[in-house]
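Below is one structure; the comments refer to it alone.
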Amino acid sequence: MRYVTGFLRFWYDFVVGDDWKIAAAVAVALGLGAVAAAAGAAGSALFAPAVVAAVAAAFVVALLADVRR
């Protein structure tokens, strides 16, 4: 059981890291991308840049929230 706990802690630290808000934004962006791909909307040329812009905006919002504290 100790190995399983260590394995899960490693992946939590690797994925989440220092800021859970950025990890959550990336997870939401990937989820929305999967939904859009399943719906067939991922074929447009502006889809990937829009996802990148959304993740970058979420990063900036998270960074500003942390700096204002």
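The residues of the chain are indexed from 1 along the displayed sequence. Here the structure is a predicted model, which is why all the values come from computation and not from measurement.
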Same apolar cluster (I L V M F W Y, side chains within < 4.5 Å links), Val52/Val60: no
Once side-chain contact (heavy atoms from CB on, under 4.5 Å) is applied, do any residues pair with [X], and if so which ones, sequence neighbours excluded?
X	result
Val28	Leu32
Ala58	Ala25
Tyr12	Val16

By ring-ring contact (aromatic ring centres under 6.0 Å, His included) - contacts of Phe10 (at least two apart): Phe14
Tyr3 side, atom OH; Leu8 side, atom CG - distance, nearest 0.5 Å: 15.0 Å
